[in-house]
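Proteins get letters first, then strands, A, B, ... in listed order; numbering begins at 1 in each. Quick caveat, the model's predicted, so the values are computed rather than measured.
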Number of protein chains: 2
Amino acid sequence: MDVKTLCLGMLSNKEACGYELKKTFESLFKHFFSAGYGSIYPALADLATSGLVECREIQQTGKPDRKVYKITDKGRIAFEKALQNNEPRHKLRSDFLAVMYFSDLLDEGCVNRLLNDRIEAFEDAVEHINSIETEMGLNAPAGARFVAGFGAVIAKAGADYIESNRHLLTETGSARIDEPAHSVQGTT
Amino acid sequence: MDVKTLCLGMLSNKEACGYELKKTFESLFKHFFSAGYGSIYPALADLATSGLVECREIQQTGKPDRKVYKITDKGRIAFEKALQNNEPRHKLRSDFLAVMYFSDLLDEGCVNRLLNDRIEAFEDAVEHINSIETEMGLNAPAGARFVAGFGAVIAKAGADYIESNRHLLTETGSARIDEPAHSVQGTT
DNA sequence: TGCAGCATGTAATTTGTTACATGATTAA
DNA sequence: TTAATCATGTAACAAATTACATGCTGCA
């Protein structure tokens, strides 16, 4: 699944401009898909050329015209077909794990810092997902809740794993003592 | 971190040919990094050109000469530097979650099939990792064990999450009829 | 005064995937 | 006889990232 297809999918829920789609990538989709303007704008242009979306320009003062894209019938059909096509991939790419694999080449301070950073990143992810779940509310589509829940559980599992197994990588197994005074909340 | 750097890292443990490195990508690194011959061979050629590895050709009958690459001192320094450089990324890319987000556009049979397939993929991953952990034994480097454990825990968490939350996506919440009676507990 | 938000896009570069091309040996 | 394993590579293609390019508004 490429950025183009995902944009089409987002537009099947609600019309939007490129800027807004980017916001969605950064909120709901953050933990499993990312896209920058450099992918989104060309994708929308392509979709419009293919007749899968229609574009309506809204004039604004002091800003570029807002281009609001709306999915067409042809677009809906194309997207449903895209959903059924390929057996969907699910792939992690982790430099973090690669570095940990070679952690015997690093000094302990460095390893500890990387572990702490990663735990923090996971905890931030959990918080981020919790906040969007709150925003969504209970009447949110099932798919959105399922996907958010998945992200939260996996991030939590990652943080917990590191906390429980960091002793494998450091002689002292030092916990996060070196964190300055911005208190880090417990793993929840 | 690109394929080139990871190849260099692998060679810091043990000299190898491209074919062997590919095997390592498919065993130890499978759950967090992937690379095909199309990336590996050019990467090795580049490394040799830069003097980070040395190549020794071993003649064979009926096969192309085996090119065994060995890291140089310069290569070791470059790799250690690469390890320290960037704060390492850890990024999931999941078409599976994207499709689930839009699962209301699919019929239940299709959704159930996708969920079952994903659970199976996660379970296969756990098994695969367990088998390489067994192969490695207890005297394996700490980094290798840490990384393998991480993969197993995350895959298990993913499978458990789907099992416990599939009811969100399907009216009937049909479980896997093809699985024998082993009840799956809630998350964690 | 400076930064964040809104809003668009292009172009160069990097990176990796896929298909192509070859070919012997061995086990099922 | 068919597939898998060993073993190398190139070339075309696809895709996404990054840097560049513009510019107003409103807040601190």
Side-chain angles (χ1 to χ4, degrees), chain A residues 1-8 15-27 29-30 32-50 53 55-69 82 85-89 91-95 98, chain B residues 1-8 15-27 29-30 32-50 53 55-69 82 85-89 91-95 98:
Chain A
M1 174 129 31
D2 55 16
V3 173
K4 198 158 83 170
T5 307
L6 249 191
C7 286
L8 186 59
E15 55 177 39
C17 68
Y19 190 83
E20 289 166 328
L21 292 182
K22 177 84 190 318
K23 293 288 148 219
T24 303
F25 273 110
E26 281 169 358
S27 57
F29 290 67
K30 197 183 186 194
F32 67 91
F33 214 101
S34 64
Y37 293 123
S39 321
I40 293 170
Y41 285 121
L44 290 171
D46 274 15
L47 289 170
T49 303
S50 326
V53 300
C55 178
R56 171 167 48 95
E57 284 184 55
I58 297 174
Q59 283 179 312
Q60 299 184 126
T61 52
K63 297 174 202 175
D65 291 353
R66 196 152 168 272
K67 292 193 176 179
V68 177
Y69 293 89
N85 261 9
N86 42 355
E87 53 219 291
R89 307 215 156 273
K91 185 167 253 172
L92 177 66
R93 171 98 180 218
S94 178
D95 295 1
Chain B
M1 174 127 34
D2 55 17
V3 173
K4 198 158 82 172
T5 307
L6 251 190
C7 286
L8 185 60
E15 57 177 37
C17 68
Y19 190 85
E20 289 167 328
L21 292 182
K22 177 85 192 316
K23 293 287 150 223
T24 304
F25 273 111
E26 281 167 359
S27 58
F29 290 67
K30 197 182 184 194
F32 66 92
F33 215 100
S34 63
Y37 293 123
S39 322
I40 294 169
Y41 286 120
L44 290 171
D46 274 16
L47 289 169
T49 303
S50 325
V53 300
C55 178
R56 170 167 50 96
E57 284 184 55
I58 297 174
Q59 284 179 311
Q60 299 185 124
T61 51
K63 298 175 202 175
D65 291 353
R66 192 151 171 276
K67 293 191 175 178
V68 177
Y69 293 90
N85 261 6
N86 43 356
E87 50 220 294
R89 308 214 155 274
K91 186 168 251 170
L92 176 66
R93 171 97 179 218
S94 177
D95 295 0

Using atom [atom1] of [X] as one end and atom [atom2] of [N] as the other, report the distance to the nearest whole Å.
| X | N | atom1 | atom2 | result |
| --- | --- | --- | --- | --- |
| A:R66 | C:dT8 | CZ | P | 7 Å |
| B:Y19 | D:dG9 | OH | C1' | 15 Å |
| A:R93 | C:dG16 | CZ | P | 5 Å |
| B:F25 | C:dT17 | CZ | P | 10 Å |
| A:D46 | C:dG9 | CG | P | 12 Å |
| B:K63 | D:dG9 | NZ | C1' | 17 Å |
| B:L44 | C:dG16 | CG | P | 13 Å |
| B:D95 | C:dT17 | CG | C1' | 15 Å |

Classify the nucleic acid contact of B:K23 as base, sugar-phosphate or nothing, counting any heavy atom under 4.0 Å across all strands shown.
sugar-phosphate

Base, sugar-phosphate, or nothing for A:S34, non-hydrogen atoms under 4.0 angstrom?
sugar-phosphate

Ignoring the backbone of [X], work out which of [options] is nearest its side chain.
| X | options | value |
| --- | --- | --- |
| A:P42 | D:dG9, C:dG9, C:dT10 | C:dT10 |
| B:D2 | C:dT15, D:dA15, C:dT8 | C:dT15 |
| A:Y41 | C:dG23, D:dT8, C:dT8 | C:dT8 |

Could you check A:A35 against A:T61 and say which one's nearest nucleotide on DNA chain D is further toward the 5' end?
A:A35

When you match B:P64 and B:A45 each to their closest nucleotide on DNA chain D, which lands nearer the 5' end?
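Nearest-nucleotide comparison on DNA chain D picks B:P64.
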
Under 4.0 Å between a Lys/Arg side-chain N and an Asp/Glu carboxylate O for A:K23 and A:E26?
yes

Pairing donors with acceptors under 3.5 angstrom, does anything connect the side chains of B:T5 and B:D2?
yes

Using every non-hydrogen atom in the two residues, find where A:G18 and A:Y41 come nearest and quote the distance to one decimal.
CA-CE2, 3.9 Å

Nearest 0.5 Å please: distance from the OG atom of B:S34 over to the CG atom of B:L6.
10.5 Å

Would you please classify the geometry between the B:F32 ring and the B:F29 ring as parallel, tilted or perpendicular, with 30° and 60° separating the classes?
tilted

Counting only side-chain nitrogens and oxygens, does [X] get under 4.0 Å of the OP1 or OP2 atom of [N]?
| X | N | value |
| --- | --- | --- |
| A:S39 | D:dT17 | yes |
| A:K22 | C:dT8 | no |
| B:Q60 | D:dA7 | yes |

